[in-house]
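Structure record follows, encoded as structure tokens.
This is a predicted model, so every value here is computed, not measured.
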Number of protein chains: 2
Amino acid sequence: MTASSAPRPPRLRRSAGDRRAQLVQIGLELLPTTPVQELTIDEVARRAGISRSLLFHYFATKREYYTAVTRAAADLLWEHLLPPPGTSPQEQVSGMLDRFVGWVETYRETHLAFVRGAAGGDPWVSEVYEETRGRLVEVALTALGLPDDLRRRQLVLAWFAFTEDLVGQWVEEPTMSRPELLDLLHDVLDRLTAR
Amino acid sequence: MTASSAPRPPRLRRSAGDRRAQLVQIGLELLPTTPVQELTIDEVARRAGISRSLLFHYFATKREYYTAVTRAAADLLWEHLLPPPGTSPQEQVSGMLDRFVGWVETYRETHLAFVRGAAGGDPWVSEVYEETRGRLVEVALTALGLPDDLRRRQLVLAWFAFTEDLVGQWVEEPTMSRPELLDLLHDVLDRLTAR
DNA sequence: GTAGCTTGTTGAGCGTTGCTCAGCAGGCCG
DNA sequence: CGGCCTGCTGAGCAACGCTCAACAAGCTAC
């Protein structure tokens, strides 16, 4: 409840970069509790303590803003999963898998919201996640030492959908041990790519 | 282009059932070309030749309307996939798989839009598809003669995500023959449930 | 210090959309 | 023909995405 008698909070200017980052950050925080369609510019602006107009100064369109938020989320995931340099190929894949499960365990709500937001409707938004999925598959195939042909690519992408879904279910209702899960996922991937 | 001089089309009353069905039908037709967020009540009402108000008489909320449309789409899929009575258990699963691929082949755009709409954001909507997925998995497990325990259920659900994704990719870019695809999907399912 | 410029920032306002409500009117009944 | 049930409409409100002209914070130049 803002006191109506408050003279007015001293308006402070932020650099363009700061403001953009702040707005994207607010989007990331809102993501887990708010489906895209219910995310309003008003709410974001209110949280940032700025006018709606300013948000449109940084993002020409609501879609553009939402895409930027999605991209930020995708980048976080990407940076977390990418194998550190100097890892052996075998370790790269199992390491990524392990970190992926850990990621979903830690940011369950956020990650699920991210995936749903990316999967749902809007092509501009889903493209962002598609791209990240594509890059991840590329890394995985390289680590496995397999040629990146179209057929295998499809299989690994579909395997990723399998993984997303299974891990998503597993964190809500663990029906096996963590190592069992990791083993199963790795095994399915191996069998699929061996074909 | 509606002639402005048209005296006024004779307003005709429909029974409540007819009108509801018509509105849902319009939703189904709009689904493939229109992401949820861009589906407007105005557009639907315009196509039905009725006022916005009437739509709110049948569906209290836009969400409720959209849920009804999704349910209709899910029911169509369900009826198409359900094995006819008197089929042998083995045929049931491969038959369902075959019909599923056929379904995606035939209604590619519509089905993809349906899945995306169901996956995206809104819990009320996604629940509808979740339910259908659950029933399909139940049928599959029964046909396979396997107990419906939690673990297997998760695996088959995840396999379904795998299948959705792979078939979706395959129809856009066939990297293998149709029988190969069916065989692969069936094989993966068998290996997963055999564990 | 102050004039001036850059640019972060705002408020008023427009068109559209989801949704409400009081009441009109089609068509079946007596 | 009169009455009633109920399908149906139009006006209108609040909230939203988005635009635009103008204000003002804070740096630089003198």
Side-chain angles (χ1 to χ4, degrees), chain A residues 2 4 6-27 30 33-70 117 120-125, chain B residues 2 4 6-27 30 33-70 117 120-125:
Chain A
T2 312
S4 56
R8 82 169 47 184
R11 211 214 286 181
L12 49 130
R13 284 166 74 114
R14 294 207 186 194
S15 77
D18 278 6
R19 191 58 90 187
R20 256 190 98 95
Q22 180 205 17
L23 292 173
V24 168
Q25 182 58 36
I26 288 174
L30 248 35
T33 58
T34 321
V36 203
Q37 341 161 13
E38 284 171 33
L39 181 81
T40 69
I41 294 291
D42 261 28
E43 175 67 11
V44 177
R46 208 181 50 72
R47 293 208 177 204
I50 60 170
S51 63
R52 266 156 298 162
S53 315
L54 189 55
L55 208 148
F56 284 105
H57 176 69
Y58 290 102
F59 306 93
T61 225
K62 188 190 173 181
R63 189 201 307 251
E64 193 178 314
Y65 170 65
Y66 195 73
T67 306
V69 173
T70 305
D122 196 280
W124 295 83
V125 175
Chain B
T2 311
S4 57
R8 82 169 47 185
R11 212 213 285 179
L12 48 130
R13 285 165 74 117
R14 294 208 187 194
S15 76
D18 279 6
R19 191 59 90 188
R20 255 190 100 94
Q22 181 205 16
L23 293 173
V24 169
Q25 182 57 37
I26 289 174
L30 249 36
T33 57
T34 322
V36 203
Q37 339 162 17
E38 285 171 32
L39 182 81
T40 70
I41 295 290
D42 261 27
E43 175 67 10
V44 177
R46 207 180 51 72
R47 293 208 177 206
I50 59 169
S51 64
R52 266 156 297 163
S53 315
L54 188 55
L55 208 150
F56 285 107
H57 177 68
Y58 289 102
F59 306 94
T61 224
K62 187 190 174 181
R63 189 202 309 252
E64 193 179 313
Y65 171 65
Y66 195 74
T67 305
V69 173
T70 305
D122 196 280
W124 294 83
V125 175

Of the listed nucleotides ([options]), which one gets closest to any side-chain atom of [X]?
X: A:Ser53; options: C:dG11, C:dG8, C:dT20; result: C:dG11
X: A:Arg13; options: C:dA12, D:dG26, D:dT9; result: D:dG26
X: B:Asp42; options: D:dG7, C:dT17, C:dT9; result: C:dT17

Spacing of [X] atom [atom1] relative to [N] atom [atom2], expressed in whole Å:
X: A:Gln22; N: C:dT9; atom1: CD; atom2: C1'; answer: 13 Å
X: B:Arg14; N: D:dC5; atom1: CZ; atom2: P; answer: 25 Å
X: A:Phe56; N: D:dC16; atom1: CZ; atom2: P; answer: 12 Å
X: B:Leu54; N: C:dC21; atom1: CG; atom2: P; answer: 17 Å
X: B:Arg20; N: D:dG7; atom1: CZ; atom2: C1'; answer: 14 Å
X: A:Arg46; N: D:dA15; atom1: CZ; atom2: P; answer: 13 Å
X: B:Ile50; N: C:dG26; atom1: CD1; atom2: C1'; answer: 16 Å

So what does [X] hit on the nucleic acid, given a heavy-atom distance under 4.0 Å: a base, only sugar-phosphate, or nothing?
X: A:Thr40; answer: sugar-phosphate
X: B:Leu55; answer: nothing
X: B:Ile41; answer: sugar-phosphate
X: A:His57; answer: base
X: B:Ser51; answer: base

Item to check | Considering all heavy atoms, the nearest B:Gln37-B:Lys62 contact | outcome: O-NZ, 4.0 Å
Item to check | Atom of B:Leu23, atom of B:Ala48 and distance for their closest heavy-atom approach | outcome: CD2-CB, 3.7 Å
Donor-acceptor pair, [X] side chain versus [Y] backbone, under 3.5 Å?
X: A:Thr40; Y: A:Glu43; answer: yes
X: A:Thr61; Y: A:Glu64; answer: no
X: B:Tyr65; Y: B:Gly27; answer: yes

Next on the checklist: Measuring only between side-chain heavy atoms, which start at C-beta, is A:Phe59 closer than 4.5 Å to A:Ile41?
Outcome noted: no
Next on the checklist: Let's see if you get this right: which residues in residues 59-70 of chain A place a heavy atom under 4.0 Å from DNA chain C?
Outcome noted: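 None, since no heavy atom is under 4.0 Å.
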Checklist entry - Ignoring hydrogens and angles, are the base of C:dT10 and the side chain of A:Arg52 linked by a donor-acceptor pair under 3.5 Å? => result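 Check fails, no donor-acceptor contact within cut-off.
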Next on the checklist: Does C:dT9 have its OP1 or OP2 closer than 4.0 Å to a side-chain nitrogen or oxygen of A:Tyr58?
Outcome noted: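 Yes.
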Checklist entry - Could you walk me through whether A:Leu55 and A:Val44 pass the side-chain contact (heavy atoms from CB on, under 4.5 Å) check? => result CA-CA 8 Å; A:Leu55 208 148; A:Val44 177; 3.5 Å; yes
